[in-house]
Amino acid sequence: MRTYQSPLDLVRERSPERPVALVRPDVLAVAAQWFQANFRGDVLYAVKANPSPWVIETLRRNGIDRYDVASLPEIDLVARHAPGAKMAFMHPVKSRAAISKAYFDYGVRAFALDCQDELAKILDATGHARDLDLIVRLGVQTDGAAYSLSGKFGVSADEAPALLLAARRATEERMGVSFHVGSQCMRPTAYQAAMAQASRALVRAGVFADVVDVGGGFPSIYPGMTPPALADYVDSIHRGFDEMKVHETTELWCEPGRALVAEASSLLVKVELRKGDALYLNDGSYGSLFDATHFKWPFPVKLVRDGEASGELRPFRFYGPTCDSIDTMAGPYWLPEDVREGDYLEIGQMGAYGVAMATRFNGYGDTELAEVGDGPMASQFGLGPRNISTPRVEEEDARKVVRFSRPKGAAGKKRRKR
Ligand SMILES: *Cc1c(COP(=O)(O)O)cnc(C)c1O
C-alpha cells in the first residue's frame with residue numbers, strides 16, 4: 001500500500017479515477033490502545049464494522065487478540081490475518097455447517113444464542129461438546145442509540161431465565177450474557193441500564209454468569225452528533241458491573257466496532273459532474289456510502305483541490321454513480337460554492353460501515369487503498385490533524401484520560417480458574 005503525507009499529495013501525484021479508501025493505521029492504533037488501557041476487561045473487535053485486512057493486522061499488532069465474528073468468511077479472514085487470535089461467533093442465528101466448521105476447523109468455542117432451538121443446534125453441531133462458552137443474547141430496552149440493534153435478536157425478559165438455566169447446564173465452561181444497546185449510542189448510562197436488566201434475568205434464573213459482554217455501540221464523532229467522552233461510557237459499564245452479582249472471576253467483555261475504526265479511514269471521491277447544487281460522485285450508496293443514503297448519516301466533507309477555492313460555503317447534495325435513483329445522498333454537505341467537475345472530496349469518519357457495505361452493483365463500488373499520514377477530520381482520542389503519534393489532549397478533554405501504554409494485569413485479563 002502506498003503512503004502519502006495527505007490526501008492532497010495523493011491527488012497531486014495521481015488524480016485517482018476510482019474512489020480511494022484513505023487509511024490511517026496510526027489512528028486505529030491509538031483507538032485500540034485507548035480501549036485496552038481504559039476498559040476493565042477484554043476487548044473483542046466486531047469485524048463487521050470494517051473487515052479490511054489492514055484493520056485486523058493493525059489491531060493485532062496493537063494488542064487486540066479477540067474478535068467478534070458473525071460468519072464463516074469473517075472467521076476465515078481473522079484466521080488468515082490474525083493467526084491464533086480467539087474468536088467469538090456472536091451471531092445469534094447460525095447454520096449448522098457454520099457452527100461445525102467454526103468449532104472443529106477453526107477452534108471457535110464461544111457461541112451466542114437467543115433461543116432454545118439455537119442452543120440445541122449448537123450442541124448438535126459440535127457433537128455435544130462440553131467445552132463451549134455459551135453466551136445468551138438478551139433483548140434489552142434502552143434508548144439513546146442512533147441505530148437500534150435489538151429489533152431482531154435477543155431473548156425477552158420472560159424467556160431469559162429458562163434459557164440462561166439451559167445454557168448453564170449445557171456447558172462445563174463459561175455461560176455468559178450479552179446485549180447490544182444499539183450502534184452510535186449517545187447515552188453512556190444505557191449500558192448500566194442494560195446491565196441492570198441482565199442482572200435481574202440472572203437472579204430470576206438463579207445462575208451466575210461467567211461472562212458479561214456489553215456488546216458494541218460506542219460512538220464516534222459526526223457533524224451534529226458529538227457524543228459524551230468515551231471515558232463516560234466505560235465508567236457507566238464499570239459501575240454497572242460492580243452492581244451485578246457475579247463471581248470474582250467473571251469476565252467483562254466489550255465488542256466495539258464503530259468507535260475503534262470510524263476515525264481511522266476516510267473516502268476520497270471525485271466529482272464527475274455538477275448540476276446546480278447536485279454533485280455526481282464516483283461512489284455512492286451501493287459503494288461505501290450506504291449509510292449516507294439510507295440513514296442520512298451526517299459524514300463530514302471537505303474539498304481536496306490543488307489550488308484556491310472560493311471561501312463561501314454552500315449546501316450540496318450528492319448522487320452516486322449507479323443508474324438507480326435511490327443512489328442519492330441528501331446531505332446537506334457544505335462545500336465551497338465553486339466546487340466543480342474534476343474536484344476531489346474527502347468524506348471523513350468512514351472507517352466504520354463504509355467499505356464494509358460496498359457492493360459492485362452496476363460496475364461501481366470498488367475502492368483503491370492508500371495510506372495517509374495526516375489526522376482524522378474529528379477525533380475523540382485527542383488526535384490533531386497533523387499530530388498522530390503524540391496526540392494533543394485539550395484542557396476540556398482532560399476527563400478523557402488518554403493513555404498510551406499497554407495495560408498490564410487489567411482485571412479482565414485474569415483467566416478464570418475454578
Ligand atoms: C454490530 C455489532 C457490534 C458492533 O457494534 P458498533 O455499534 O459498531 O460498536 C458488536 N456486537 C454485535 C453482536 C454486533 O452485531
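First listed ligand is number 1; within each ligand, the first listed atom is number 1. All values below were derived from every heavy atom in this structure, side-chain atoms included, with hydrogens, water molecules and symmetry-related copies excluded.
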Once you measure the plane-to-plane angle for Y233 and Y191, does it fall in the parallel (<30°), tilted (30-60°) or perpendicular (>60°) bin?
perpendicular

Who's closest to atom 5 (O) of ligand 1 heavy-atom-wise, of R258, E255, H180?
H180

What's the verdict on side-chain contact (heavy atoms from CB on, under 4.5 Å) for L230 and V234, showing C-alpha distance, side-chain angles and the deciding distance?
CA-CA 7 Å; L230 279 179; V234 296; over 6 Å; no

Which atoms of ligand 1 sit under 4.0 Å from any heavy atom of G217?
5 (O), 6 (P), 7 (O), 9 (O)

Could you list which atoms of ligand 1 come closer than 4.0 Å to a heavy atom of G216?
5 (O), 9 (O), 10 (C)

For atom 15 (O) of ligand 1, grab the closest protein heavy atom and report residue, atom and distance to one decimal in Å.
K48 NZ, 2.7 Å

Using a 4.0 Å cut-off to any heavy atom of S183, which atoms of ligand 1 qualify?
6 (P), 7 (O), 8 (O)

Under 3.5 Å, N or O to N or O, is A49 touching ligand 1 that way?
no

Number the atoms of ligand 1 from 1 as they appear, then name those within less than 4.0 Å of a heavy atom of Y353, with their elements.
1 (C), 4 (C), 5 (O), 6 (P), 8 (O)

What class does the angle between the rings of H91 and F153 fall in, given that below 30° is parallel, 30 to 60° is tilted and above 60° is perpendicular?
perpendicular

Output the list of atoms in ligand 1 that are nearer than 4.0 Å to some heavy atom of D68, sorted by atom number.
10 (C), 11 (N), 12 (C), 13 (C)

Give a yes or no on this: more than 12 heavy atoms of other residues, nucleotides or ligands lie within 6.0 Å of atom CD of E272.
yes

Which of the ligand 1 atoms, numbered from 1, are nearer than 4.0 Å to a heavy atom of G257
4 (C), 6 (P), 8 (O), 9 (O)

Mind telling me whether F111 and F89 have parallel, tilted or perpendicular rings, with 30° and 60° as the class edges?
tilted

Y364 OH: over 12 foreign heavy atoms closer than 6.0 Å
no

Show which atoms of ligand 1 fall inside a sub-4.0 Å distance from at least one heavy-atom site of A46.
3 (C), 4 (C), 10 (C)

Whether H238 and F39 hold their rings parallel, tilted or perpendicular, with breakpoints at 30° and 60°
tilted

Parallel, tilted or perpendicular, judged at 30° and 60°: which one describes the rings of Y286 and F361?
tilted

Counting from 1 in the order shown, the ligand 1 atoms closer than 4.0 Å to a non-hydrogen atom of R137 are 13 (C)

